[in-house]
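FYI, side chains are in, hydrogens and waters are out, and symmetry mates aren't considered; it's all heavy atoms of this structure. Everything numeric here is computed off the predicted structure, so don't read it as measured data.
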Amino acid sequence: MTLLSGSLIFYAYGETKYLPLLMISILANHFFGLHIGRRERYRVERGADTGQKSGIRTNRNKINRRRKAVFTIAILYNVGMLAAFKYGRGGRYLPLGISFYTFQMLSYLIDVYQGEQRREPSFLKFATYVAMFPQLLSGPLVGYGEMRGSLARREFSAKGVQDGLKVFAMGLAAKVLLADRIGLLWQEVQVTGFESISTPLAWLAAIAYSLKIYFDFYGYSLMAMGLGRMLGFSLPENFRNPYMATSVRDFYRRWHMTLGGWFRKYVYIPLGGNRRGEYRTVCHLLAVWILTSVWHGSTGNFLIWGMLLWLAIVIERQLEALGVMAVLEKVPGKLLCRLFVWVYIPITWVCFGITDIGQLQVFLGRMFHVVPGIRVSAGDWQKALDNYGVLFLAGAIASTPLLKNLFRRFKDSWPVMALLAALFWLCVWRLQMEGHNPFMYLNF
């Protein structure tokens, strides 16, 4: 009860007017789950006549039809609620966390309907699962099966609090000291105007945005994991060094892994996955990326982003079938494969970040030097490197497994704990001096 109350207060502090919507959704989905998970067990007595057996089958069929009807209503309710806020009025009045907590409740309902999970009779446990504040607003998406045991009996210890604080400090530093700082270059380019930047600066800005969105969301995920650990919960890892990927497919196996896992389990595999031939597999991937694009937003740039990723994944599949990928991966360090990712992914992030299609065309035109510049300042990219070069270097190092491995090895040493404490208070000082910069994924 304490955790649920605190989570609701936390949500109300961020957006009071949509707290009733969250509570209604929790109540409705708990009700749906109770009815969807209803299964009557009938015992057929030895010697029962044909009429008795027929009656039992009739009752079973009636219950199954009722379950299917409630399940259909539940899906329509959740998808309709999400669509109404996300795409009504241009998505300008989006309740905090609605995309994440809706998907989390959908996963619970689907698992219960398919018999993978038992229904949860306790409203308190179900409400805590949905509203738990560390992961309520931006994930990671957690299946009920992963949380059921912790909700019933969790281990709260001083060691868990200590480890959680360390992970939380790492996440806070990633957000405040990397994402927010290097993101200033992207803001400066927007203020300057895309038509007035040089081609090198356009690429630097695209890389800066790529690092900003990574460390912003990765930082949030680490903070959520740290808070969860302090409270006795084990939340799943959401990122695994995506910029070390060797293909676009590999990138999205490492990026926002819980969302990718959600679409794989509830969309890609039910459609047939890769079991029905290459053509059907390509169609299934197309469906997944269209839904992923629509989940992120209603403007056309998100569809462009999704289609670029789908196209790259399809081409990679064909190259792999021809044996080309195996040849490219033989290059020391798989450098050619990684270079492709480092060039292609920032292009897709630009499409993700610029919602105005006209401005997107201008920016891409400046990136590839096919749109003429207007009053372009000579050497603007050199000035950007002078101001942000250290941050680019820090971001590059932090994108590798190096820091993570060092943290795991030395996290209990006094120098590392002192460093994390210093980083924490430095972040607090910066937040006090510069004000709060919201997490990017709160907009989704």
Side-chain angles (χ1 to χ4, degrees), residues 1-14 18-42 63-64 66-79 81-82 95-157 160-161 164 224-225 227-236 258 261-262 265-266:
M1 177 61 78
T2 302
L3 179 56
L4 176 59
S5 301
S7 297
L8 296 177
I9 292 170
F10 169 80
Y11 189 89
Y13 179 78
Y18 286 125
L19 179 61
L21 176 68
L22 172 62
M23 290 305 303
I24 290 170
S25 292
I26 292 173
L27 283 165
N29 281 284
H30 185 251
F31 171 83
F32 292 143
L34 290 177
H35 286 270
I36 291 169
R38 181 185 175 193
R39 284 181 168 81
E40 298 289 346
R41 289 186 173 86
Y42 295 93
I63 290 171
N64 287 334
R66 189 179 301 139
R67 288 177 62 245
K68 187 174 183 179
V70 174
F71 178 70
T72 303
I73 293 170
I75 297 298
L76 291 174
Y77 167 81
N78 283 285
V79 173
M81 186 74 72
L82 179 60
L96 281 175
I98 189 171
S99 297
F100 287 91
Y101 69 68
T102 299
F103 266 34
Q104 195 145 294
M105 288 189 282
L106 282 171
S107 72
Y108 166 76
L109 294 174
I110 296 170
D111 288 348
V112 170
Y113 180 73
Q114 293 179 338
E116 292 186 23
Q117 290 294 326
R118 303 185 311 276
R119 63 180 180 177
E120 178 51 71
S122 168
F123 174 77
L124 178 62
K125 290 180 182 177
F126 178 76
T128 304
Y129 158 69
V130 174
M132 191 172 66
F133 74 90
Q135 48 85 55
L136 171 62
L137 303 183
S138 295
L141 290 167
V142 188
Y144 192 70
E146 299 174 76
M147 298 290 289
R148 184 186 288 272
S150 297
L151 288 168
R153 187 184 297 108
R154 52 197 168 99
E155 297 180 4
F156 185 80
S157 64
V161 173
M225 289 173 64
L227 286 169
R229 197 167 301 176
M230 284 187 262
L231 295 169
F233 294 94
S234 179
L235 298 180
T258 56
W262 195 100
K265 181 177 180 180
Y266 300 113

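The aromatic ring centres of Phe126 and Tyr108 sit less than 6.0 Å apart.
Under a cut-off of 6.0 angstrom, the local environment of CZ in Arg118 is sparse, with at most 12 non-hydrogen atoms contributed by other residues, nucleotides or ligands.
Here the OG1-CG distance, from Thr72 to Leu76, works out to 6.5 Å after rounding to the nearest 0.5 Å. With values rounded to the nearest 0.5 angstrom, Asn29 atom CG is found 6.5 Å from Phe32 atom CZ. The NE2 atom of His35 sits 10.5 Å away from atom CD1 of Ile73, with the distance rounded to the nearest 0.5 Å. Atom CG of Asn78 is separated from atom CG of Leu109 by 6.0 Å, given to the nearest 0.5 angstrom. To the nearest 0.5 Å, the span separating CZ on Arg66 from CG on Asn64 amounts to 10.0 Å. Between the CD atom of Gln114 and the CD1 atom of Ile36 there is a distance of 11.0 Å, given to the nearest 0.5 Å.
In this structure, Ser107 contributes its side chain and Gln104 its backbone to a donor-acceptor pair below 3.5 Å. Checked by atom type and distance alone, the side chain of Gln135 never pairs as donor or acceptor with a backbone atom of Gly228 at under 3.5 Å. When atom types are taken as modelled, the side chain of Trp262 and the backbone of Phe103 share a donor-acceptor pair closer than 3.5 angstrom. With Arg119 contributing its side chain and Val112 its backbone, the two residues share no donor-acceptor pair below 3.5 Å.
For the side chain to side chain donor-acceptor pair (under 3.5 Å) with Tyr144, the lone residue among Glu120, Lys125, Gln117 that qualifies is Glu120.
By the 4.5 Å heavy-atom criterion applied to side chains, Met225 and Met230 are not counted as neighbours.
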Could you go step by step and tell me if Tyr266 and Asp111 meet the side-chain hydrogen bond (donor to acceptor under 3.5 Å, both in side chains) rule? CA-CA 10 Å; Tyr266 300 113; Asp111 288 348; 2.9 Å; yes

After noting the C-alpha distance and the side-chain angles of Thr102 and Val79, does the key distance pass the side-chain contact (heavy atoms from CB on, under 4.5 Å) rule? CA-CA 8 Å; Thr102 299; Val79 173; over 6 Å; no

